[in-house]
Amino acid sequence: MSRPNLLVIMTDDQGAWALGCAGNPEIRTPNLDRLAAEGIRFDSFFCASPVCSPARASFLTGRIPSQHGVHDWLRGGNTDCDAGYGWSGPDRSIEYLRGLTGFTDQLAAAGYTVGHSGKWHMGASATPQKGASWWYAYALGGGNYYAWDGFDNSPARVHHTEYVTDYYTDRALEFLDGPATEGAPWCLSVHYTAPHSPWGREQHPAEVFDSYAGCRFDSVPREEAHPWNGWGIADDAKRLTQQGYFAAVTAMDTQVGRLIDRLEAHGLREETLIAFTSDNGFNLGHHGICGKGNGTFPLNMYDTSVKVPFIVSRPGHVPAGVVCDGLWSHYDWLPTVADYFGLEVPADETLPGRSFADVLRGNPAAGGETVVVYDEYGPVRMIRDREWKYVHRYPYGPHGTWWTIRPAPGSWCGCGRVWPSGSCVTWTRRATGCTRGSRGRGRWTSAARGRAGGPPGSRGRRRRRWGRSLPSAAQPRRLASAGRRTASWATPRAGRPRGAGGPPRPWSAPTGGRGRRAAGLDGCPPPPPLGATAPLPWR
C-alpha cells in the first residue's frame, strides 16, 4: 500500500502522568507502554485548552479557540432533545465547526475513507462531520459508563447499557474488519470517554476496579486543598475516586490492545500510523485539586492541566523506543498530518502550528526546542517555552509573573512523577528570611541572580527590573501566527518587588519588617485570595 492509514486514539481527561511508560509505577497501561516502546513518546506535549470541547476542536482544525470559536465545554448544541435530557433543557443540534477544515477533511479529499467511533462533543453529534462517511458517536459529552445514548450511522438516538469503552472499541473493530479492508486508505478516530468521571465502582468492570484495592496511589500527590475550590489531602472517599480513575485508564488500555491486535491480524500494523493522546490533562490531587483547567476558579493553567500524553507509532517507519522532549501542541497536529501524508494546507488558512513530521521520520530534535506554546481557556491565556511561563486571567486575575521552569535536582516532575509539593515549577529565587513571620531584608541570593523570575540577563538583586512583558492580549493572532516564535520579546521597565518601589503583593505581610512575608509550601508564597489583581507568581 503506497499511502499509510491513520488511527487516532483520544482519551478524555487523561493526565500525561497517567501512563506506566511515563514513569508511573502504579497505573497499569501495558498496551500503551507497548505502543510507546514501538514508537515515539512525547514528554512535553500540550493541549490548546485545558477542557474538552475547545481542546478537541483545536486538535481537529489546527486552530486555537479564539480562531475556531469554541471556548468551553459545550452544554448545548449536541443533540435535538426535549426537556429532561442533556444539560440545558430543550436543545437543538448546532454544528459549531461548520466551514472549518479539519485534518480528516483533508484526508477525505485525498481519497481516504474516514470513520469516527466515540465521543464527539463539538456539536450536532448525530451528524457525520469533517469528512466522515462512517459515524458512531456519543450523544453528549460524557456520563454514565453503563447508561448512555449514541448514534450508530443513523440520526436515531439509541440507548445503550454496554460498557461504553468496550462498545466503541467493538464499533471500531467493525470498521477495521469492513471499510479498512476494501482497498482505499483510511483514517479512523476512536475517542473514548475514559477516564472522565464518574469513577464509582458501579461505573467500571468490577475486576478492574477491585484490582486497585491495594494500591497506595503514591504516584499522585497528597496536598492541602487548593484555596480556589480545592480537593485536599486524600481520605477514604478520595481514594475511591483515585481507584476509579486508575481503573478507567486500565480498562481503556485493554481496548487499545484489541485495536492493535486487530491491525496485526489484518497485516495492517506497519501500514498504519497510530497516534494516541488525550483531549486535556488532569489533576488527581496535584496542586490540591481534582480536575483540569476548570478544577479551580479562577481557571488554572497548571502543567498537569495542559500537558497531555502523546504517542506515535508505526513499526519500520517511526523510530522505536524514543522519548522526545521538544515542546509541541495539539494545534501542530493538522500541519503534521498534511506534511506526513503529502497533503496541502489550504492557502487561506492562518494556523498557529507547525509540522513535527520530521520527528516521526527520525529527527527527535526537529524544531521543538526553542518554540513557544500557547493555551487559551475562555478569557485566560497561557504562554510558555522551555524555561518561562506566563498566565493572564482577564478580568478576574491574578495575573502571573514569569515563572522559571526547572526541575529540582533529584526530583521528579509533572508527567506522572511527583515533585515535593506536586508543583511543576522550581523557584530559583528566594528572599532572606522567607519563613513564616521571619524578618529579612529581602535580598536576592547570589544563586538567584539572572534567574529571579525574569528572563535571562535580568538582575537578581532587589532593584532588578521584572521580567519580559507579555505581548498585548489584543494581539493573539500575532502571538500564535505562522507557528510559534522564539522567546525574544523586549524587557521594558515594569513593576518591582515590594520594598523596591513596586506595587505591594497580596501575599506580603501587611506589617512587620522589610521583606517580611508568609511562606507557603516549600517556601513559596501562599495562594492569592479570590479577586486579587496584582501580579503574582502563581500559575
Please state whether the rings of [X] and [Y] are parallel, tilted or perpendicular, taking 30° and 60° as the class boundaries.
| X | Y | answer |
| --- | --- | --- |
| Phe282 | Trp199 | perpendicular |
| Tyr390 | His392 | parallel |
| Trp17 | Tyr245 | parallel |

Is it the case that the ring center of Tyr374 lies less than 6.0 angstrom away from the ring center of Phe46? no
Does the ring center of Trp328 lie less than 6.0 Å from the ring center of Phe45? no
Please determine whether a side-chain nitrogen of the Lys or Arg among Lys292 and Asp13 lies less than 4.0 Å from a carboxylate oxygen of the Asp or Glu. yes
Taking only Lys NZ, Arg NE, NH1 and NH2, and the carboxylate oxygens of Asp or Glu, determine whether Arg384 and Asp303 approach each other closer than 4.0 Å. yes
Salt bridge (Lys or Arg N to Asp or Glu O under 4.0 Å) between Arg222 and Asp218, intermediate numbers included: CA-CA 8 Å; Arg222 293 173 174 83; Asp218 291 332; 3.4 Å; yes
Do Asp325 and Ser44 pass the side chain to side chain donor-acceptor pair (under 3.5 Å) test, and can you show the C-alpha distance, the side-chain angles, and the key distance before you say yes or no? CA-CA 5 Å; Asp325 66 352; Ser44 295; over 6 Å; no
Closest non-hydrogen atoms of Thr29 and Val249, given as atom of the first, atom of the second and distance, are CG2-CG1, 3.6 Å
Compute whether any side-chain donor of one residue and acceptor of the other, for Glu376 and Ser49, lie under 3.5 angstrom apart. no
Passing option when Ser305 is tested against Asn280, Asn283, Asn294 for side-chain hydrogen bond (donor to acceptor under 3.5 Å, both in side chains): Asn283
Kindly say whether His287 contributes a backbone atom to a donor-acceptor pair with the side chain of Glu224 at under 3.5 angstrom? no
Considering residues at least two apart in sequence or located in another chain, which fulfil the side-chain hydrogen bond (donor to acceptor under 3.5 Å, both in side chains) criterion with Thr277? His330
List the residues meeting ring pair (Phe, Tyr, Trp, His ring centres under 6.0 Å) with Phe246, not counting sequence neighbours, and say none if there are none. Tyr212, Phe217
State, with a plain yes or no, whether a side-chain heavy atom of Leu60 is found less than 4.5 Å away from one of Met122. yes
